[in-house]
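First comes the structure, then the notes that go with it.
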Amino acid sequence: MAQQRALPQSKETLLQSYNKRLKDDVKSIMDNFTEIIKTAKIEDETQVSRATQGEQDNYEMHVRAANIVRAGESLMKLVSDLKQFLILNDFPSVNEAIDQRTQQLRALREDCDRKLIALRDEVSVDLYELEEEYYSSSSSLCEANGRPLCEAYWRLDLDTDSADGLSAPVLASPEPSAGPLQAAAPAHSHASGPGPTEHA
């Protein structure tokens with residue numbers, strides 16, 4: 001509780017110091033600039049010579065210009081400190097930014113969910129149509145063969161294999177027939193050979 005009470009007091013003190021720095025720096029800039037303007041005015045003859053007075057005025061102008069630059073740098077440092085103070089201590093703004101980002105991410109998630117649901121529905125419809133087509137073709141095959149589905153496919157594969165097996169020997173049938181024809185020719189020549197011998 002003591003820390004919670006001391007924290008706002010430290011913030012208030014810090015803000016008061018920032019306000020004091022701002023007023024001091026602005027007042028310094030205004031005062032030094034006013035004195036530079038006064039120095040530029042030509043005065044009447046005095047006991048000091050004009051050359052000495054000119055050197056004195058030149059030196060004073062340089063010093064006051066340096067004071068203005070220092071006050072400007074102090075103001076820039078004050079701006080940086082104020083930004084850091086707002087970033088670290090402006091909790092309502094930080095919470096608002098977090099809430100906005102959360103809402104954006106939630107909207108993005110909802111959009112992705114809607115797209116995924118639509119894609120799921122499309123895939124389900126296509127899959128249902130494919131299943132209907134598959135089962136309708138399978139049932140027609142079973143009805144045509146009068147057998148269960150697995151046996152119908154097995155018979156179809158067996159018929160295909162048997163058709164391939166029969167086509168191969170038909171193509172190779174001329175080659176085995178050449179053997180008996182060639183064997184019959186020598187037998188005929190052998191049978192005709194003894195004929196002339198007996199006739200002789």
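All values below were derived from every heavy atom in this structure, side-chain atoms included, with hydrogens, water molecules and symmetry-related copies excluded. A quick note: this is a predicted structure, and the numbers were derived from the prediction, not measured.
- With Ile117 as reference, Arg120 is the one residue of Lys115, Arg114, Arg120 to meet the side chain to side chain contact (heavy atoms under 4.5 Å, CB included) rule.
- The CD1 atom of Ile37 sits 8.0 Å away from the CE atom of Met61 when rounded to the nearest 0.5 Å.
- Going from atom CZ of Arg106 over to atom CG of Asp99 covers 9.0 Å, rounded to the nearest 0.5 Å.
- Within a 6.0 Å radius of CD in Gln104, other residues, nucleotides and ligands contribute more than 12 heavy atoms.
- A donor-acceptor pair under 3.5 Å links the side-chain atoms of Thr34 to the main chain of Met30, judged by distance alone.
- Closest approach of Arg21 and Asp81 over heavy atoms only: NH1-OD2, 3.2 Å.
- With rounding to the nearest 0.5 angstrom, the OH atom of Tyr18 is 6.0 Å from the CG atom of Leu82.
- Heavy-atom minimum distance, Leu14 versus Phe85: CD2-CD1, 3.5 Å.
- Side-chain atoms of Tyr128 and Glu132 include a donor-acceptor pair closer than 3.5 Å.
- Both Val26 and Leu78 sit in one connected hydrophobic cluster of ILVMFWY residues. Membership requires side-chain heavy atoms under 4.5 Å apart, directly or through other members.
- The structure places SG of Cys112 at 10.5 Å from CG of Leu105, a figure rounded to the nearest 0.5 Å.
- From Arg70, atom CZ reaches atom CG of Leu75 across 9.5 Å, with rounding to the nearest 0.5 Å.
- A salt bridge does not link Lys27 with Asp24: every distance from a Lys NZ or Arg NE/NH1/NH2 to an Asp or Glu carboxylate oxygen is 4.0 Å or more.
- The cluster map of Ile, Leu, Val, Met, Phe, Trp and Tyr, joined by side-chain heavy atoms under 4.5 Å apart, puts Leu15 and Leu22 in the same cluster.
- Glu131 CD to Ser136 OG: the interatomic distance, rounded to the nearest 0.5 Å, is 11.5 Å.
- Annotation for Ala71 and Asp25: closest pair CB-O, 3.7 Å, computed over non-hydrogen atoms.
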